[in-house]
Amino acid sequence: MNIQIFGTKKSADTRKAERFFKERGIRFQFVDLNEKGLSKGELTSVMQAVGGLNILIDEKAKDQDMVALIRYLVEEERFEKLLENQQILKQPVVRNGKQATVGYCPDVWKKWE
């Protein structure tokens, strides 16, 4: 297993995800979205794994203007805008190879063990 957790230290769900893997003795790599975001390839991989761009967007994000803007752009522009503004991603984004989840999903992570 090669677990990566993308999120922020302030996100409660990100901290819960870290605790989930720590309690099971599973090593993971934490990537703080405030310091370093997902690369274009990583975002593409996550998007394909979870079923599309809309699932990645946090409707309750602080930057509601950006959420609204992304909703009304064409697909190609939406991806680029999301890549530039990763603060509106649902957190945490958890990757395990080609598999990925968005948000707190312990039921899915248990199947990865």
Side-chain angles (χ1 to χ4, degrees):
M1 242 185 321
N2 185 19
I3 304 293
Q4 288 180 301
I5 300 174
F6 295 88
T8 58
K9 293 174 181 147
K10 288 186 175 182
S11 165
D13 283 344
T14 300
R15 290 193 308 270
K16 288 187 336 189
E18 288 180 310
R19 191 175 323 115
F20 175 89
F21 291 107
K22 280 180 187 172
E23 287 172 353
R24 286 156 180 77
I26 299 169
R27 293 185 6 190
F28 61 87
Q29 175 190 9
F30 173 72
V31 180
D32 192 333
L33 290 174
N34 290 329
E35 296 171 12
K36 179 182 183 250
L38 285 91
S39 69
K40 190 172 192 172
E42 288 170 332
L43 186 58
T44 301
S45 172
V46 169
M47 186 177 71
Q48 290 170 344
V50 299
L53 195 68
N54 292 337
I55 296 168
L56 295 172
I57 299 170
D58 183 1
E59 298 296 331
K60 299 174 190 162
K62 284 183 184 177
D63 191 349
Q64 284 296 303
D65 293 339
M66 186 56 61
V67 172
L69 174 66
I70 286 178
R71 285 273 174 236
Y72 294 103
L73 291 172
V74 289
E75 190 70 32
E76 299 80 35
E77 292 175 3
R78 292 169 77 197
F79 179 82
E80 291 300 324
K81 195 56 92 171
L82 186 59
L83 193 57
E84 294 169 13
N85 299 281
Q86 295 187 20
Q87 73 275 11
I88 65 167
L89 285 172
K90 266 186 209 166
Q91 294 180 39
V93 174
V94 181
R95 291 182 64 211
N96 178 19
K98 297 259 185 231
Q99 298 173 309
T101 60
V102 179
Y104 184 66
C105 305
D107 295 337
V108 176
W109 303 333
K110 284 177 187 171
K111 294 175 188 171
W112 292 353
E113 293 181 63

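Predicted model only: the values in this text are computed from it and were never measured.
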Is Glu42 reaching over with its side chain to a backbone N or O of Ser39, donor-acceptor style, under 3.5 angstrom? yes
Closest non-hydrogen atom pair, Val67 against Ala61: CG2-CB, 4.0 Å
Of all the heavy-atom pairs spanning Ile5 and Val94, show the shortest one and how long it is. CG1-CG2, 4.3 Å
Any chain of hydrophobic side-chain contacts (each under 4.5 Å) joining Ile55 to Leu69? yes
Separation of Met47 CE from Leu82 CG (nearest 0.5 Å): 9.0 Å
Is the side chain of Asn96 donor-acceptor paired with the backbone N or O of Gln99 at a distance under 3.5 Å, no angle test? no
Does the pair Thr14 and Lys9 meet the rule for a side-chain contact (heavy atoms from CB on, under 4.5 Å), with working shown? CA-CA 7 Å; Thr14 300; Lys9 293 174 181 147; over 6 Å; no
Separation between CD1 of Ile88 and CD1 of Ile70, rounded to the nearest 0.5 Å: 3.0 Å
So does Leu83 get a backbone contact from the side chain of Gln86, meaning a donor-acceptor N/O pair under 3.5 Å? yes
Go through the steps for Lys111 and Asp107 under the test side-chain contact (heavy atoms from CB on, under 4.5 Å), then give the verdict. CA-CA 7 Å; Lys111 294 175 188 171; Asp107 295 337; 5.7 Å; no
Going through the distances and angles, do Gln29 and Ile3 end up as a side-chain contact (heavy atoms from CB on, under 4.5 Å)? CA-CA 6 Å; Gln29 175 190 9; Ile3 304 293; over 6 Å; no
According to a hydrophobic-cluster definition based on side-chain heavy atoms being under 4.5 Å apart (Ile, Leu, Val, Met, Phe, Trp, Tyr only), do Leu43 and Leu73 belong together? yes
Would Leu33 and Leu38 count as a side-chain contact (heavy atoms from CB on, under 4.5 Å) if you check the C-alpha gap in whole Å, the side-chain angles of each, and the deciding distance to 0.1 Å? CA-CA 8 Å; Leu33 290 174; Leu38 285 91; 3.6 Å; yes
When rounded to the nearest 0.5 Å, the distance separating CD of Glu76 from NZ of Lys81 is 14.5 Å
Who passes side chain to side chain contact (heavy atoms under 4.5 Å, CB included) against Asp13, sequence neighbours left out? Ser11, Lys16, Pro92, Tyr104
Test: Arg24 cationic atom under 6.0 Å from Phe20 six-membered ring centre, within 45° of axis: yes
Compare all side-chain heavy atoms of Gln91 with those of Phe6 and state whether any distance is below 4.5 angstrom. no
Are Trp112 and Val50 co-members of a hydrophobic cluster defined by side-chain heavy atoms under 4.5 Å apart? no
Pairwise distance CD(Glu35) to OG1(Thr8) - rounded to 0.5 angstrom: 10.5 Å
For residues Leu89 and Leu53: do they belong to one hydrophobic cluster (side chain heavy atoms under 4.5 Å, members Ile, Leu, Val, Met, Phe, Trp, Tyr)? yes
Between CD on residue Gln4 and CZ on residue Phe28, distance to nearest 0.5 Å: 12.0 Å
Min side-chain heavy-atom separation Ile26-Trp109 under 4.5 Å: no
Closest non-hydrogen atom pair, Ile57 against Lys90: O-CE, 3.4 Å
Check Leu56 against Val102 and note the closest heavy-atom contact, atom names and distance. CD2-CG2, 3.3 Å
Are the side chain of Asn85 and the backbone of Gln87 linked by a donor-acceptor contact shorter than 3.5 Å? no
Give a yes-or-no answer on whether the side chains of Asn54 and Arg78 include a donor-acceptor pair shorter than 3.5 Å. yes
Could you measure the distance from the CZ atom of Arg95 to the OG atom of Ser45? Nearest 0.5 Å is fine. 4.5 Å
